[in-house]
Amino acid sequence: MSLSNLTPIPELYVSPESAQKLKLEAGELPSWDLTPRQICDLELLMNGGFSPLKGFLSQADYDSVVETMRLADGTLWPMPITLDVSEDFAAGIEPGQDIALRDQEGVILAILSVTDRWTPNKAREAEKVFGADDLAHPGVNYLHHSAGKVYLGGPVTGIQQPVHYDFRGRRDTPNELRAYFRKLGWNRIVAFQTRNPLHRAHQELTFRAAREAQANLLIHPVVGMTKPGDVDHFTRVRCYEAVLDKYPAATTTMSLLNLAMRMAGPREAVWHGLIRKNHGCTHFIVGRDHAGPGKNSAGQDFYGPYDAQDLFKQYADEIGIEMVDFKQMVYVQEKAQYFPVDEVPEGATVLDISGTELRRRLREGLDIPDWFSFPEVVSELRRTSPPRASQGFTVFFTGLSGSGKSTIANALMVKLMEMGGRPVTLLDGDVVRKHLSSELGFSKEHRDINIRRIGYVASEITKNGGIAICAPIAPYTATRRAVREMIEAYGAFCEVHVATPIEECEKRDRKGLYRLAREGKIKEFTGISDPYEAPTAPELSVDTTGVDVDNCAHQVILKLEQMGLIAGN
């Protein structure tokens with residue numbers, strides 16, 4: 001590899017003078033408020049991280065990328081980078097129009113000159129990009145349940161980069177990194193991609209990779225969107241900074257990458273390689289199950305452990321960056337050091353702690369051995385992940401009207417308040433309707449908005465160490481899943497299905513709502529004229545038919561004890 005990797009890369013920004021003028025003009029344009037994922041994509045479009053893209057993909061480029069991993073002109077590019085918008089917004093936009101792209105504070109970051117507007121076949125996109133149209137995949141779930149239904153494509157004119165108030169000294173554009181490498185005279189740079197805290201196995205892997213490639217090391221963690229449930233990036237960066245002095249300062253540096261990962265395994269590895277090439281790297285570490293999302297709906301891994309390495313090898317020449325491939329690193333007790341799994345001496349004792357096991361140990365306050373991680377990293381993780389009995393959590397009741405949700409929720413609230421230790425908040429469906437959602441009706445869209453509002457409030461309570469008890473009907477699986485993900489980013493989620501049969505619910509109906517619904521006088525009534533999608537795998541299912549409330553609330557208490565969320569008596 002030559003120093004050509006260090007020459008500046010094209011950016012999509014206009015000059016500061018033009019930016020001021022454009023900003024004023026853009027104030028008159030229709031504007032789209034970008035989602036967090038779109039902000040990540042736009043930043044890497046504008047600063048050259050997604051070079052050779054000049055904007056969001058046109059329909060021809062999108063179709064070609066989905067089917068062949070190439071742009072319409074044949075250039076290798078494995079990931080659709082599209083601006084997904086709502087049908088309502090798209091209806092007012094025609095190709096040939098300019099629109100202003102704003103951040104969540106309303107600041108104009110760029111102008112999109114719309115060339116294409118289309119409704120994609122998302123099932124096909126999921127099948128080709130992620131390998132399966134399976135909602136267990138976070139990328140597929142996002143595609144179907146979070147992304148807008150219509151895509152806009154066209155070139156982007158950058159006005160200003162998104163503002164980051166955190167770790168500013170650690171964030172570098174591709175050209176800033178290239179200039180840094182040039183200044184230090186580094187012409188061989190191996191990049192390490194990570195979305196997890198660094199433990200001793202990662203350190204050993206990166207040392208070996210740098211030695212094998214005879215290259216300097218760039219630790220290049222992703223701080224944009226990763227997999228739901230991952231350790232937050234603030235904690236992760238503090239962990240990285242805590243172990244950076246374990247690396248030789250003269251040959252190692254760290255920079256943060258504001259990338260929204262798709263967890264697309266093999267395609268994602270190729271994409272990561274192209275992004276690192278744009279940042280001036282000559283080598284890239286691809287490990288076991290690179291950017292894998294875990295298990296599919298059938299309980300199998302989405303991708304084979306080394307599928308990403310195989311696809312990267314296939315396209316290495318075109319990517320223009322060399323792969324340093326690694327097997328899983330494991331600790332050999334007799335040798336007191338790490339080995340690639342295929343180099344373990346015969347008969348040796350192998351020690352390993354999986355991510356799941358690490359989370360269990362943190363959750364239960366158990367020991368994490370020195371051979372596995374650094375004390376500084378464990379200390380940071382313990383600050384963010386205290387033992388489960390000290391964390392906030394949400395109990396989310398779902399069931400038909402009249403099933404007994406609110407009654408059990410009230411009893412549970414009293415029992416938890418009697419125990420003490422954490423503040424308890426009850427978010428009952430009727431109370432929330434009155435105070436948070438009084439303007440909403442009962443259409444599917446409005447019900448979804450109401451449940452998401454409840455989820456948001458519960459996630460804030462959970463994040464701040466309290467207990468949230470929610471008792472809406474929540475009839476739709478997708479919305480309940482979105483709420484679960486919102487809350488599990490901060491603590492535990494216990495879904496309780498109050499599975500009282502509809503016949504029993506009708507008998508208890510003091511307001512006569514079921515009768516009115518059967519007579520057609522109430523439209524879209526859950527269980528009668530609108531479906532109730534029963535949970536398939538709740539943490540707990542209770543039927544209140546002939547069972548007293550205290551008994552049902554006690555079942556929830558026992559479940560919370562079993563989950564480690566409250567201390568047993």
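Every heavy atom of this structure was used, including side-chain atoms; hydrogens, water molecules and symmetry mates were not.
- Using a distance-only test at 3.5 Å, with no hydrogens or angles considered, no donor-acceptor pair links the side chain of Asp301 to the main chain of Tyr303.
- With Thr173 contributing its side chain and Glu176 its backbone, the two residues share a donor-acceptor pair below 3.5 Å.
- Once rounded to the nearest 0.5 Å, the distance linking SG of Cys239 with CG of Leu244 reads 12.5 Å.
- Taking CG of Leu57 as the start and CG of Leu71 as the end, the distance is 6.5 Å to the nearest 0.5 Å.
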Using the rule given for side chain to side chain donor-acceptor pair (under 3.5 Å), can you reason through Asp116 versus Ser58, listing the C-alpha separation, both sets of side-chain angles and the distance that settles it, and then say yes or no?
CA-CA 6 Å; Asp116 296 73; Ser58 66; 4.6 Å; no
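- The CD1 atom of Ile219 sits 14.0 Å away from the CG atom of Leu257 when rounded to the nearest 0.5 Å.
- Formation of a donor-acceptor pair under 3.5 Å by the Arg171 side chain with backbone atoms of Asp166 is found in this model.
- Put simply, the side chain of Gln314 never gets that close to the backbone of Leu311: no donor and acceptor are under 3.5 Å apart.
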One pair to check against side-chain contact (heavy atoms from CB on, under 4.5 Å): Arg238 and Arg383. What are the steps and the verdict?
CA-CA 11 Å; Arg238 290 196 300 271; Arg383 280 175 58 198; 4.1 Å; yes
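- Put simply, CG on Asp172 and CG on Asn258 are 12.5 Å apart, with the number rounded to the nearest 0.5 Å.
- A donor-acceptor pair under 3.5 Å is formed between the side chain of Thr68 and the backbone N or O of Ser64.
- Counting only distance, with no hydrogens or angles, the side chain of Thr398 and the backbone of Ala474 share a donor-acceptor pair below 3.5 Å.
- Defined by atom type and a distance below 3.5 Å, a donor-acceptor pair is present between the side-chain atoms of Thr479 and Asp448.
- Between Phe302 and His137, the angle of the ring planes goes over 60°, which puts this pair in the perpendicular group of the 30/60° scheme.
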For the pair Leu218 and Ser255, evaluate side-chain contact (heavy atoms from CB on, under 4.5 Å) and give the outcome as yes or no after the intermediate values.
CA-CA 7 Å; Leu218 169 67; Ser255 180; 4.0 Å; yes
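- If you run side-chain contact (heavy atoms from CB on, under 4.5 Å) between Leu101 and each of Ile108, Leu83, Asp33, only Leu83 comes through.
- Donor-acceptor pairing under 3.5 Å is recorded for the side chains of His144 and Asp133.
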For Arg276 and Gln193: C-alpha separation, side-chain torsions, deciding distance, then whether side chain to side chain donor-acceptor pair (under 3.5 Å) applies.
CA-CA 9 Å; Arg276 273 29 184 251; Gln193 143 86 29; 2.7 Å; yes
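- Remark: Arg102 pairs with no residue by the salt bridge (charged side-chain N to carboxylate O under 4.0 Å, His left out) rule, at least two apart or across chains.
- Checked by atom type, the side-chain pair Gln59/Arg117 shows no donor-acceptor distance below 3.5 Å.
- Within 6.0 Å of the CD atom in Glu445, the count of heavy atoms belonging to other residues, nucleotides or ligands does not exceed 12.
- For the pair Arg236 (side chain) and Val231 (backbone), a donor-acceptor distance under 3.5 Å is present.
- Between Arg195 and Met261 the shortest side-chain heavy-atom distance falls below 4.5 Å.
- Proximity of Val190 to Thr282: side-chain heavy atoms (C-beta onward) are nowhere separated by under 4.5 Å.
- In this model, no donor atom of one side chain and acceptor atom of the other lie less than 3.5 Å apart for Thr251 and Asn216.
- The minimum heavy-atom distance between Arg453 and Leu436, with the atom names listed, is NH1-O, 2.8 Å.
- Inspection of the Tyr151 and Glu125 side chains reveals an N or O donor paired with an N or O acceptor under 3.5 Å.
- For the pair Gln20 (side chain) and Glu17 (backbone), a donor-acceptor distance under 3.5 Å is absent.
- When all heavy atoms of Glu67 and Lys128 are compared, the pair lying nearest together is OE1-CE, 3.6 Å.
- Centroid-to-centroid, the aromatic rings of Trp271 and Phe50 come within less than 6.0 Å.
- Under the 3.5 Å distance criterion, the side-chain polar atoms of Arg170 are left unmatched by any main-chain donor or acceptor of Leu256.
- Of all heavy-atom pairs spanning Val140 and Ala132, the tightest one is CG2-O, 3.4 Å.
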May I have the step-by-step check of side-chain contact (heavy atoms from CB on, under 4.5 Å) for Ile319 and Val270, ending in yes or no?
CA-CA 7 Å; Ile319 298 169; Val270 172; 3.9 Å; yes
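- With no hydrogens or angles considered, a side-chain donor-acceptor pair links Thr394 and Thr462 at under 3.5 Å.
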Stepwise salt bridge (charged side-chain N to carboxylate O under 4.0 Å, His left out) check, Arg70 with Glu318
CA-CA 11 Å; Arg70 295 182 181 279; Glu318 278 187 85; 2.7 Å; yes
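- When side chains are defined from C-beta on, Glu322 does not count as touching Phe284, because their heavy atoms never get closer than 4.5 Å.
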Pair Asn175-Glu11, side chain to side chain donor-acceptor pair (under 3.5 Å): steps then yes or no
CA-CA 9 Å; Asn175 281 331; Glu11 296 183 349; 3.2 Å; yes
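- Annotation: the span from Lys149 atom NZ to Ser86 atom OG amounts to 10.0 Å, rounded to 0.5 Å.
- Of all heavy-atom pairs spanning Pro472 and Ile454, the tightest one is CB-CD1, 3.9 Å.
- Side-chain polar atoms of Gln38 and Asp84 form a donor-acceptor pair below 3.5 angstrom.
- Counting non-hydrogen atoms of other residues, nucleotides and ligands closer than 6.0 Å to NZ of Lys21 gives a total of 12 or fewer.
- If you run side-chain contact (heavy atoms from CB on, under 4.5 Å) between Phe326 and each of Thr206, Ile285, Val286, only Ile285 comes through.
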Can Val65 and Met79 be said to form a side-chain contact (heavy atoms from CB on, under 4.5 Å), step by step?
CA-CA 7 Å; Val65 165; Met79 199 60 59; 5.6 Å; no
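- Between the side chain of Gln161 and the main chain of Asn47, no donor-acceptor pair closer than 3.5 Å is present.
- Residues forming a ring-ring contact (aromatic ring centres under 6.0 Å, His included) with Tyr247 (at least two apart in sequence, or on another chain): Phe207.
- Between Gly455 and Met486 the shortest heavy-atom distance is C-SD, 3.7 Å.
- If you take CD on Gln160 and OH on Tyr13, they are separated by 9.0 Å, rounding to the nearest 0.5 Å.
- Nearest heavy atom pair, residue Val156 against residue Ala110, reads CG1-CB, 3.9 Å.
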Could you walk me through whether Asp73 and Thr75 satisfy the side chain to side chain donor-acceptor pair (under 3.5 Å) test, starting with their C-alpha distance in whole Å, then the side-chain angles of each, then the deciding distance to 0.1 Å, before giving a yes or no?
CA-CA 6 Å; Asp73 68 4; Thr75 305; 2.8 Å; yes
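- With 3.5 Å as the limit, one finds no donor-acceptor pair spanning the side chains of Thr235 and Glu380.
- Between Phe181 and Trp186, the ring-plane angle classifies as parallel under the 30° and 60° cut-offs.
- Partners of His220 according to the ring-ring contact (aromatic ring centres under 6.0 Å, His included) rule, which considers only residues two or more places apart in sequence or in another chain, are His279.
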